[in-house]
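Naming convention: chains lettered A, B, ... in sequence-line order (proteins, then strands); numbering from 1 in each chain.
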Amino acid sequence: MDKAYSPEIHDQKWQKLWDDKQIANPDVSHALHPSPLNEKFVLMMPPPNVTGVLHQGHALMLTLEDTLTRWERMRGKKALYLPGTDHASIAVQMQVVKHLASKKIEYKSLGREGFLKECWKWIEEYRERIFSQIRALGVSCDWSRVKFTMDEDLNRAVNHAFVQLYKKGSIYRAQKLVNWCPKSLTVLSDLEVIFEEREGSIWHIRYPLKDDPSQGIIVATTRPETMLGDTAVAVHPDDERYKKLIGKKLLLPFTNREIPVLADSFVDQSFGSGAVKITPAHDFADFDVGQRHGLALINIFTPDAKIVAGLPAEAASFAGLDRFEARKKITALLEDRGLLVKEEKHKNRVGMSERGNVPVEPYLSYQWFCKMDGMAKAVVEDLQKEEFRFVPHEFHNQFMRWMENIRDWCVSRQLWWGHAIPAYHCEKCAHVEVSEEVVSKCPKCSSSMTRDTDVLDTWFSSALWPFSTLGWPEKTQDMKEFYPTQVLETGFDILFFWVARMLMMGKEFTGVVPFKNVYMHPLVRDEDGQKMSKTKGNVIDPLEIIQSVGADSLRMTLNALCVQGRDLRLSVERIEGYRNFINKIWNASKFVMMENSQVSLKDLSSEMKEDLPTQWILGQLERCAYQVNRSWEEFRMQEASEAIYHFFWNDFCDWFLEISKTKRKEYQPVLVHVLTESLKLLHPLCPHVSEELWHELGSKGTDEFLALQKFPEGKNLDEISGFLFLKDWIGALRTLRNESRVPLSKVIPVYVELTSAEEKLLKQNLPWVESLSKAKFVFAQASEAPHSIVTLSSFEKGRTITLKVPMSELVNTEEEIQRIQKDLSNLNQYVSGLKSKLSNDSFVSRAPAKVVETEKAKLLEVEEKIKKLDENLKQLESL
RNA sequence: AGUCGUUUAGCUCAGUUGGUUAGAGCAUCUCCCUUACAAGGAGAGGGUCUGGGGUUCGAAUCCCUAAACGACUACCA
């Protein structure tokens with residue numbers, strides 16, 4: 001065998017074999033690995049952007065999902081992990097536009113059809129990249145069922161869903177104030193607006209009274225340029241300052257529009273000047289005020305946020321000015337005319353368009369909306385009935401709050417790349433027909449119809465993902481067999497974008513919520529807790545890691561660092577630590593395979609079956625497997641990987657392998673058994689190295705896979721106490737040796753006086769205890785010569801065991817005295833605590849008898865230890 | 001502003017329903033190339049569990065309060 005595991009050789013070998021034999025195809029795996037369990041495990045991969053590149057967020061998601069899937073598959077469930085990609089409407093469109101621009105092509109010049117061709121070309125070029133990167137991580141998803149949200153069948157599902165919702169009255173078209181991106185020229189949903197704290201200004205502007213221009217009212221605004229669209233000024237009805245102005249007319253500068261002063265209790269008297277300019281067409285709050293008071297909506301912007309032409313009076317000259325240029329010009333003019341009272345610094349939250357990276361403009365437009373409240377209610381009821389749950393539970397409340405305040409979803413986008421809305425507009429009578437079939441003639445007036453030019457929000461097709469991928473709306477075999485799914489695993493950043501909408505659409509169209517568990521994984525950050533970003537240069541590229549240390553190391557690390565309710569801090573050092581663990585697995589296996597490994601537990605002699613270390617390690621294996629199963633059942637990823645790490649490294653390698661060296665051949669069946677079972681436990685975490693070693697160990701053919709072996713169930717056992725005592729003895733002797741600087745080459749004699757039970761335990765295990773402690777036990781009283789002592793607990797309650805080592809064997813008396821003094825001071829502190837506890841009447845009378853008993857036994861034992869150490873110390877000090 | 005979360009060893013974090021002298025990994029220090037592994041082994045040091053109150057025989061754990069950090073939500077023009 002090689003000196004170390006070589007990921008560059010083995011990773012790809014197994015990835016290819018798993019793919020070739022389709023172990024991830026549930027029909028194949030279930031046939032190969034039949035199980036009495038008639039259960040399924042279904043998990044839909046959250047589809048990454050089809051043109052995307054693998055980042056740590058993906059790596060974490062895929063690792064966790066694959067770990068759970070491999071585990072459930074090995075447990076005998078019919079496991080489907082379905083991969084796919086998302087068409088990422090706006091993101092991909094922006095990429096392609098940019099790409100064309102780099103070739104000096106204005107995308108609009110290609111026309112819609114021509115542009116879509118370019119999009120498909122772009123996708124064909126990049127779609128395999130993310131798939132190969134997913135494979136590189138060793139993900140066992142079923143490639144025979146891979147889906148893309150723009151596949152024909154998924155497009156049919158989208159159209160079907162849209163039409164159904166329209167027929168029901170859940171989808172409607174309306175003119176509303178929406179979040180408009182002036183750069184990408186499309187509407188954005190509320191969720192796509194990212195708020196940023198910005199240093200800005202607030203301007204106090206005087207609007208003159210119509211009847212007496214020397215008088216006026218001062219309004220405060222952060223957006224002076226929108227004053228061109230003002231249709232009122234609002235004050236609080238109780239505001240003494242302005243009461244007498246209510247109902248009066250103002251003359252709006254630049255436009256000479258007459259606007260009223262009106263009263264509305266939404267105004268906060270203490271903020272700004274207490275008077276608010278109302279621009280119903282360009283501010284969400286103002287829109288509502290406008291609705292209440294019947295104000296006109298005056299749009300002053302073109303779609304790319306320039307001042308429109310045709311505004312009255314002086315405002316007409318602003319036409320074509322960008323919104324920020326207009327702001328400068330207007331504030332300058334106001335100042336010239338003495339209307340600008342003051343400009344103050346002001347922090348405000350600006351809504352930014354994620355894709356365009358420009359401030360979003362509240363903009364009036366016709367859009368398609370989907371009613372949400374009814375669907376949300378149904379999902380909330382299911383959550384309350386515990387039809388599904390959130391892990392970690394914190395997201396439960398966050399989700400509920402959002403669902404209870406949900407607003408209608410704007411589903412249309414003014415883009416070309418995406419699912420075209422299946423609606424047709426009559427060119428003559430303006431009739432709208434929504435249909436899955438292409439409609440070319442108006443059913444009302446027989447004139448020709450044209451298709452709606454909008455596409456659907458990317459998340460609309462994603463919302464159908466758990467069932468559109470299974471063939472819905474057709475009643476397919478997959479749909480019957482695999483829906484609903486068990487787990488939805490994703491990041492919390494798309495809880496509302498995606499998870500909530502899947503739940504609602506799933507409930508709406510299939511009658512059941514699409515998954516039982518929503519597991520939200522943490523955010524991956526760098527070692528300083530910073531978000532990873534290219535501009536910061538702190539990105540740990542998963543592909544580079546896979547190349548340098550292998551996929552298994554990365555998978556182990558991500559599992560080991562993944563705890564609930566906390567971000568995950570990743571660093572190269574941590575990954576190297578788990579690379580070392582992979583290496584440890586490799587080397588331990590190498591050790592086991594030095595002997596004939598074609599044996600099993602059946603070959604164990606009856607004598608060896610009674611052997612304490614054998615019983616101990618088999619018990620530890622059961623305990624570990626039990627822990628791992630329980631942890632994964634509750635998505636406690638760190639706990640599971642830690643249990644395996646600890647068992648394999650500390651129990652198996654540090655103790656059992658060392659013990660086995662004393663009777664190598666006799667122990668071989670145990671070694672083989674424990675290693676084999678460990679590889680099964682390890683497989684979901686590090687599939688490549690475990691698969692490789694499992695084949696090495698058993699000379700298995702390429703038709704058999706560790707991936708399809710039965711996962712150990714485990715038992716909830718206690719650690720064998722006899723073994724624990726001996727471990728303690730060895731530990732104590734090792735400490736003594738280290739601190740007294742006795743070289744390892746020197747075997748030290750240890751004098752012990754034991755009860756018969758203690759002596760029996762020790763004698764039965766003498767060879768390995770002596771080998772690991774490099775000591776020689778002498779079952780006799782020590783001579784009167786000075787000796788050092790170590791005190792230990794016995795399995796007989798309250799009893800102290802004393803190990804005596806002749807001082808002549810130890811090198812340094814001073815250090816030995818110090819060691820004992822330190823022990824004593826610890827014990828004395830402990831004993832005084834115990835004493836005060838036990839002399840406390842209320843403790844003795846109120847604490848459970850069991851607790852009091854153990855405290856008493858502890859006291860007895862510790863006092864005994866102190867007594868012996870004291871005697872010993874005196875003897876040493878007299879030297 | 002509101003809601004929620006976090007605060008435990010130098011660092012990153014565990015710590016289930018209150019009950020052994022609060023644990024792990026990494027880092028540090030000491031010793032050791034013992035034929036699976038120096039990417040290793042054996043030891044050691046290191047903590048007023050953020051501060052302050054309370055409940056209790058007993059609190060890292062439950063309650064109140066303060067602070068720091070973080071996330072989410074919101075129409076403060």
Side-chain angles (χ1 to χ4, degrees), chain A residues 1 3-4 195 202 219-223 226 234 266-268 270-279 283-289 346 348-349 392 394-395 397-398 401-402 405 492-493 495-496 523 527-529 549 560-561 563 565-571 573-574 576-594 630 634 636 638-639 642 645-646 650 653-654 657-658 661 730-731 734-739 741-745 771-774 819 826-827 829-831 833-834 837 840-848 850-852 854-855 857-858 862:
Chain A
M1 272 177 76
K3 193 162 163 44
F195 286 93
I202 186 159
V219 299
T221 179
T222 54
R223 297 206 58 194
T226 64
F266 102 102
V267 178
D268 178 353
S270 63
F271 186 86
S273 63
V276 188
K277 66 192 258 321
I278 302 298
T279 324
D283 184 282
F284 290 101
D286 293 3
F287 181 86
D288 292 341
V289 176
H346 179 70
N348 58 344
R349 277 161 46 90
E394 285 103 87
F395 293 103
N397 292 336
Q398 200 177 319
R401 209 174 46 214
W402 191 73
N405 301 308
F492 57 82
D493 50 332
L495 178 60
F496 304 133
L523 195 69
E527 54 196 308
D528 302 318
V549 297
L561 298 184
V563 296
R566 236 187 235 253
D567 292 341
L568 183 160
R569 295 192 181 192
L570 190 65
S571 69
E573 289 74 35
R574 298 302 295 255
E576 281 170 355
Y578 288 99
R579 185 269 320 265
N580 295 353
F581 179 61
I582 303 292
N583 190 44
K584 191 77 180 173
I585 301 169
W586 185 260
N587 281 303
S589 305
K590 213 160 74 179
F591 173 78
V592 172
M593 284 179 234
M594 280 160 49
R630 299 299 83 76
E634 291 303 317
R636 301 165 78 103
Q638 187 201 44
E639 204 173 86
E642 195 188 274
Y645 184 97
H646 180 265
N650 302 120
C653 294
D654 291 346
L657 283 193
E658 292 306 321
K661 288 175 183 173
I730 293 164
R734 282 170 168 175
T735 304
L736 176 73
R737 171 189 296 277
N738 256 300
E739 301 213 328
R741 317 206 182 275
V742 183
L744 213 63
S745 53
S771 159
L772 266 59
S773 58
K774 288 274 189 301
R819 189 184 66 80
N826 281 344
L827 290 173
Q829 215 175 342
Y830 182 38
V831 98
L834 281 175
K837 209 176 195 178
N840 184 345
D841 283 343
S842 44
F843 170 72
V844 179
S845 59
R846 297 204 194 188
K850 223 179 168 182
V851 175
V852 179
T854 42
E855 297 295 302
K858 275 188 276 181
V862 177

Any Arg566(A) side-chain N or O less than 4.0 Å from OP1/OP2 of A14(B)
yes
Respond yes when some side-chain nitrogen or oxygen of Asn405(A) is under 4.0 Å from OP1 or OP2 of U73(B), and no when none is.
no
Say we look at G18(B) and G2(B): how far apart would their P atoms be, to the nearest angstrom?
32 Å
Which part of the nucleic acid, if any, lies within contact of Glu576(A), taking any heavy atom under 4.0 Å across all strands shown: a base, the sugar-phosphate backbone alone, or nothing?
nothing
Using the P atoms only, state how far G43(B) lies from G51(B), rounded to an integer number of Å.
33 Å
Thr735(A) side-chain proximity, nearest of A36(B), G43(B), U34(B):
G43(B)
Ranking G19(B), C37(B), A39(B) by distance to the side chain of Val851(A), first place goes to G19(B)
Using the C1' atom as the reference point in each nucleotide, state the distance between G10(B) and A27(B) in Å, no decimals.
7 Å
What's the gap between U34(B) and G19(B) when it is taken at their C1' atoms, as a whole Å value?
43 Å
Closest-nucleotide mapping onto RNA chain B: is Ser273(A) or Glu739(A) further toward the 5' terminus? I mean the 5' end.
Glu739(A)
Grab the two heavy atoms, one from Ala588(A) and one from Leu657(A), that are nearest each other, plus how far apart they are.
CB-CD1, 3.9 Å
Candidate nucleotides G19(B), A14(B), U3(B), ranked by approach to the side chain of Arg401(A) - the nearest:
U3(B)
Please report, rounded to the nearest Å, how far the P atom of U12(B) is from the CD atom of Glu642(A).
17 Å
Kindly say if Arg734(A) contacts the phosphate of G43(B), meaning a side-chain N or O under 4.0 Å from OP1 or OP2.
yes
Applying a 4.0 Å non-hydrogen cut-off, can you work out what Lys584(A) is touching in the nucleic acid: base, sugar-phosphate, or nothing?
base
Within the 4.0 Å heavy-atom criterion, would you say Gln398(A) contacts the bases, only the backbone, or no part of the nucleic acid?
sugar-phosphate
Parallel, tilted or perpendicular: which describes the rings of His346(A) and Phe271(A), with under 30° parallel and over 60° perpendicular?
perpendicular
With respect to the phosphate group of G40(B), does any side-chain polar atom (N or O) of Lys3(A) fall under 4.0 Å of OP1 or OP2?
no
Hey, does the side chain of His646(A) come within less than 4.0 Å of G23(B)'s phosphate (OP1/OP2), counting only N and O?
no
Among U8(B), A77(B), A36(B), the one nearest Leu657(A) by side-chain distance
A36(B)
RNA chain B: 5'-proximal contact among Val862(A) and Asn580(A) (nearest heavy atom):
Val862(A)
Taking any heavy-atom pair under 4.0 Å as a contact, classify Pro743(A): base, sugar-phosphate, or nothing.
nothing
Measuring from the side chain of Arg569(A) (C-beta onward, heavy atoms only), which nucleotide among U21(B), C13(B), C37(B) has the closest atom?
C13(B)
Among the nucleotides U21(B), A77(B), A36(B), which one has an atom lying closest to any side-chain atom of Asn587(A)?
A36(B)
His346(A) has a side chain; which of G19(B), A77(B), A39(B) sits nearest to it?
A77(B)
Quick one: label Arg636(A) by what it contacts on the DNA or RNA (base, sugar-phosphate, nothing), any heavy atom closer than 4.0 Å.
sugar-phosphate
Touch check for Thr854(A), heavy atoms < 4.0 angstrom, all strands: base, sugar-phosphate only, or nothing?
nothing
Give a yes or no on whether a donor-acceptor pair under 3.5 Å exists between the nucleobase atoms of A24(B), that is its base, and the side chain of Glu639(A).
no
Output the distance between atom CD (Glu573(A)) and atom CD (Glu527(A)), rounded to the nearest 0.5 Å.
5.5 Å
Just to be sure I understand the rule, does Asp567(A) reach a base, reach only the sugar-phosphate, or reach nothing, if contact means heavy atoms closer than 4.0 Å?
sugar-phosphate
Side chain to side chain, Lys661(A) and Phe591(A), heavy atoms closer than 4.5 Å
yes
Rounding to an integer number of angstrom, what distance separates U8(B) and G70(B) when you compare their P atoms?
15 Å
Have a look at Asp288(A) and say if it touches a base, only the backbone sugar-phosphate, or nothing, with a 4.0 Å heavy-atom cut-off.
nothing
Phe284(A) near the nucleic acid: base, sugar-phosphate alone, or nothing, with a heavy-atom cut-off under 4.0 Å?
nothing
Which part of the nucleic acid, if any, lies within contact of Leu827(A), taking any heavy atom under 4.0 Å across all strands shown: a base, the sugar-phosphate backbone alone, or nothing?
base
Could you tell me whether Met594(A) contacts a base, only the sugar-phosphate backbone, or nothing, with contacts defined as non-hydrogen atoms closer than 4.0 Å?
sugar-phosphate
Checking the side chain of Arg737(A) only, and the main-chain atoms of Pro743(A) only, is there a donor and an acceptor separated by less than 3.5 Å?
yes
From Leu523(A) CG over to Leu570(A) CG, what is the distance, rounded to the nearest 0.5 angstrom?
11.5 Å
List the steps and the verdict of side-chain contact (heavy atoms from CB on, under 4.5 Å) for Tyr645(A) and Gln638(A).
CA-CA 10 Å; Tyr645(A) 184 97; Gln638(A) 187 201 44; over 6 Å; no
Tell me the interatomic distance from Glu573(A), atom CD, to G10(B), atom P, rounded to whole angstroms.
19 Å
Would you compute the distance between atom CZ of Arg574(A) and atom CG of Leu561(A) and round it to the nearest 0.5 angstrom?
5.0 Å
Output the rounded distance in Å from NZ (Lys858(A)) to C1' (G19(B)).
8 Å
Arg734(A) (side chain) donor-acceptor with Leu772(A) (main chain) under 3.5 angstrom:
yes
With a 4.0 Å cutoff (strictly under), does any side-chain N or O of Lys661(A) reach OP1 or OP2 of U34(B)?
no
To the side chain of Asn738(A), which of U30(B), A77(B), U21(B) is closest?
U30(B)
Dot-bracket for RNA chain B, 5' to 3', Watson-Crick and G-U pairs with both distances under 3.5 Å, [ ] for crossing pairs, | for partner on another strand, reads (((((((..((((.....[...)))).(((((.......))))).....(((((..]....))))))))))))....
With a 4.0 Å cut-off on heavy atoms, is Asn840(A) in touch with a base, just the backbone sugar-phosphate, or nothing at all?
sugar-phosphate
G58(B) OP1/OP2 closer than 4.0 Å to side-chain N/O of Ser842(A)
no
For the side chain of Thr222(A), starting at C-beta, report the closest nucleotide among A77(B), G43(B), A36(B).
A77(B)
Mind checking if Arg579(A) touches a base, just sugar-phosphate, or nothing, with heavy atoms under 4.0 Å?
base
Looking at every strand, decide which applies to Arg741(A) at a 4.0 Å heavy-atom threshold: base, sugar-phosphate, or nothing.
sugar-phosphate
Closest heavy-atom pair, Asn583(A) versus Lys3(A), reported as atoms and distance to 0.1 Å, is OD1-O, 4.5 Å
Please name the pair of heavy atoms, one in Thr279(A) and one in Asp286(A), separated by the smallest distance, quoted to 0.1 Å.
N-OD2, 2.8 Å
Distance between the P atoms of A74(B) and A14(B), in whole angstroms?
29 Å
Please determine, by modelled atom types, if Lys590(A) and Asn587(A) share a side-chain donor-acceptor pair under 3.5 angstrom.
yes
Using the C1' atoms only, state how far C26(B) lies from A9(B), rounded to an integer number of Å.
12 Å
Against the side chain of Glu658(A), the closest entry in C37(B), G43(B), U21(B) is C37(B)
Nearest-angstrom distance, C1' atom, C76(B) to A1(B)
10 Å
Lys590(A) has an atom NZ; how far is it from atom P of U35(B), in whole Å?
13 Å
